[in-house]
Amino acid sequence: MYPLDTLRHTAAHVMAQAVLRLWPDAKLAIGPAIKNGFYYDFDMEHRLTEEDLSAIEKEMEKIVKAEYALVREELSNSEAQELFRKLDQPYKLELLKELPEQVSVYRQGEFVDLCQGPHVDSTALVKHFKLQSVAGAYWRGDSSQPMLQRIYGTAFNTAEELQEHLKLLEEAAARDHRKLGRELDLFSIQEEGPGFPFFHPKGMVIRNTLEDFWRQEHVKRGYQEVKTPIMLHEDLWHRSGHYDNYRDNMYFTDIDEERFAIKPMNCPGGMLLYRRKLHSYRDLPLRVGELGLVHRHELSGTLHGLMRVRCFTQDDAHIFMLPSQIQDEIEGVIDLIDMVYTDVFGFPYHVELSTKPENAIGDDAMWEKATEALREALEKKNLPYVINEGDGAFYGPKIDFHLEDSLGRTWQCGTIQLDFAMPERFDLTYIDEDGQRKRPVMLHRVIFGSIERFIAILTEHYAGAFPTWLAPVQAMVIPIGESQYGYAHAVAQTLRERGIRVEIDDRDESMGKRIRAAQLQQIPYMIIVGQREAESGTISLRHRREGDLGSLELEPFVNRVLEEIAQRR
RNA sequence: GCUGGCGUGGCUCAGGGGUAGAGCAGUCGAUUCGUAAUCGACAGGUCGAGGGUUCGAAUCCCUCCGCCAGCUCCA
């Protein structure tokens with residue numbers, strides 16, 4: 001048994017060999033193993049289609065059956081150059097320019113590729129593979145370079161593992177929040193507003209419930225809430241550094257011959273609010289939250305349902321604090337994020353520490369200090385982390401929280417950014433004990449990240465079956481026959497008065513059909529009322545997963561639902 | 001933004017140079033039903049938009065818009 005990435009790397013070679021057999025003019029770029037499979041990039045006249053994939057797979061099968069040994073060969077760089085010049089493989093020559101004096105190639109049958117290895121011993125081992133898709137990809141990931149054709153595939157050691165993986169992909173497609181968002185009537189994106197989502201009544205229930213939860217937890221932790229304007233004068237964005245560092249993602253407009261920008265971030269507005277009055281050291285830490293709607297110009301090709309949009313709501317907060325409060329405040333945010341991810345949603349997560357990017361404001365010493373402070377907090381909290389070099393915000397380093405959903409996919413949601421630069425730029429001050437004006441330090445942080453994206457993640461995580469506290473409709477009352485309509489409406493009204501989101505399906509359709517409709521809408525509880533229930537003043541309860549739960553009085557049911565809501569289950 | 005693919009009723013899809021079709025959903029009627037699809041009828045589309053070719057375009061060509069898969073980027 002070889003490690004999967006070794007097997008997949010060989011699979012990439014087998015695929016390249018097959019492609020070369022079918023299209024001898026193909027120029028090979030690179031073909032590595034990746035997280036869930038492998039790919040190889042080609043430059044060729046023929047435009048690959050999905051149909052070509054099965055032809056390539058057939059050719060690959062021949063190569064597997066031929067059981068070619070993979071043979072490693074050490075060459076000098078110049079020998080390799082000669083080889084690939086002869087083979088007319090210009091991308092390999094370009095790669096060689098940056099490789100050391102001694103390089104290696106791997107051969108299998110008539111095929112040879114520049115490659116470090118390692119590989120499996122024989123093409124015979126690449127039995128369980130599947131080609132998945134064709135897509136464009138830039139040479140060296142650089143949008144100024146030519147676009148190549150990339151074939152994605154995957155490979156496993158056993159047929160079972162391959163099947164399992166393909167099933168997982170199907171499952172992910174079935175849970176796609178764009179599909180569920182339509183079916184459950186949560187949100188839509190119209191042609192008139194690419195990347196600008198519309199929230200439907202049911203989507204708004206989820207959204208408002210999340211926001212209510214957010215507010216409760218923030219009030220408990222001493223946060224205040226503000227709302228800053230969506231549009232502010234361009235001068236502000238020059239001062240904040242956004243104009244220089246973020247201009248390409250911003251929307252601008254004119255008002256009375258003055259230039260304004262729609263906010264891509266909430267912090268500059270937060271700065272203005274801090275500056276509205278003098279602050280004493282006694283006021284700090286000042287924790288100011290904002291559910292802020294930001295707009296960012298994202299490339300059209302990157303838009304993706306609610307996951308990637310052009311306007312979204314950040315559950316933002318800015319914490320202004322004394323330098324001595326940095327550690328406690330960071331830890332407080334880490335605890336809050338942990339509570340939300342772990343206790344409420346049950347998401348496992350990992351953290352990354354992102355350091356100074358190329359476009360950055362503030363000097364190196366400042367960055368060093370900020371990065372160290374974040375690192376210290378992580379270590380104090382005993383949180384293992386990986387470093388994400390150069391991935392910080394332009395105003396400060398950050399801790400990113402990546403949660404893992406029920407399909408094992410990870411999503412970056414929460415982030416904590418430590419910022420010494422903005423307070424400097426906006427000349428923020430507080431009056432210290434000694435009567436001197438001093439500079440506060442600032443934390444930017446989000447828990448959900450973007451409400452829109454978080455809802456998308458939740459939708460896929462739960463496959464549309466939102467827990468009761470979030471479910472847009474918590475109970476559907478289904479009268480069996482017309483004579484129970486009055487009783488059914490009375491039951492619904494009682495539930496409504498107790499704060500339960502209830503609907504009634506009294507359409508003139510069979511009970512089976514109405515149960516099915518409620519099941520498909522993933523409504524947690526169905527309340528069936530027929531003659532028996534109407535006469536005894538009870539309900540017959542069905543749960544979307546547990547099925548028929550038999551009959552009971554209304555009160556225990558109300559308590560059950562209210563308990564689930566209170567427990568956020 | 002780039003490469004490739006795709007745009008037909010609310011949804012899923014068929015049709016493919018002679019002037020639009022199914023299922024589901026919807027409406028109406030019959031039915032009044034005991035835990036995932038009762039039966040029937042009706043209604044619903046200038047086939048993404050604009051231009052061109054043609055006697056005739058949803059169908060062929062061009063441009064634009066949008067969507068999908070990637071790339072790049074990111075909450």
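So you know, we letter chains A, B, ... as the sequences are listed, proteins then strands, and number each from 1.
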Rounded to whole Å, please give me the gap between [atom1] in [X] and [atom2] in [N].
X	N	atom1	atom2	answer
A:Glu509	B:G34	CD	P	15 Å
A:Leu148	B:C2	CG	P	17 Å
A:Ile527	B:G34	CD1	C1'	16 Å
A:Asp505	B:A36	CG	P	15 Å
A:Ile151	B:G5	CD1	C1'	15 Å
A:Leu53	B:G5	CG	P	14 Å
A:His297	B:G1	NE2	C1'	8 Å
A:Arg507	B:A30	CZ	C1'	17 Å

Under the salt bridge (Lys or Arg N to Asp or Glu O under 4.0 Å) rule, what pairs show up with a residue in [range], not counting sequence neighbours?
range	answer
residues 443-455 of chain A	A:Arg207-A:Glu452
residues 532-549 of chain A	A:Glu546-A:Arg560
residues 298-307 of chain A	A:Glu298-A:Arg308

Remember a base hit wins even if backbone is also touched, and classify [X] as base, sugar-phosphate or nothing at under 4.0 Å, heavy atoms.
X	value
A:Leu520	base
A:Gln531	base
A:Gly512	sugar-phosphate
A:Gln149	nothing

Kindly give the heavy-atom pair with the smallest separation between A:Tyr485 and A:Asp506, and that separation in Å. OH-O, 3.2 Å

Counterpart residues, side chain to side chain donor-acceptor pair (under 3.5 Å), relative to A:Gln474 (two or more places apart): none

Which residues pass the side chain to side chain donor-acceptor pair (under 3.5 Å) test with A:Gln521, sequence neighbours left out? none

Does [N] have a Watson-Crick or wobble mate here (both distances under 3.5 Å), and if so which one?
N	result
B:A36	none
B:G26	B:C42
B:C55	B:G18
B:C71	B:G1

Cation-pi check for A:Tyr243 against A:Arg247: NZ or CZ below 6.0 Å from the six-membered ring centre and within 45 degrees of the axis, yes or no? yes

Distances for protein N or O near nucleotides 22-24 of chain B N or O, under 3.5 Å:
none

In a check of salt bridge (Lys or Arg N to Asp or Glu O under 4.0 Å) between A:Glu460 and each of A:Arg178, A:Arg175, A:Arg409, which one passes? A:Arg409

Could you pull out all residues at least two apart from A:Tyr152 that satisfy ring-ring contact (aromatic ring centres under 6.0 Å, His included)? A:Tyr39

Return the set of residues passing salt bridge (Lys or Arg N to Asp or Glu O under 4.0 Å) with A:Asp25 (not counting sequence neighbours), or none when no residue passes. none

At under 4.0 Å between heavy atoms, how does the protein contact nucleotides 66-75 of chain B? Give one character per nucleotide, 5' to 3', with B, S or -. SSSSBBBBBB

Would you say a side-chain N or O of A:Arg542 is under 4.0 Å from OP1 or OP2 of B:A36? yes

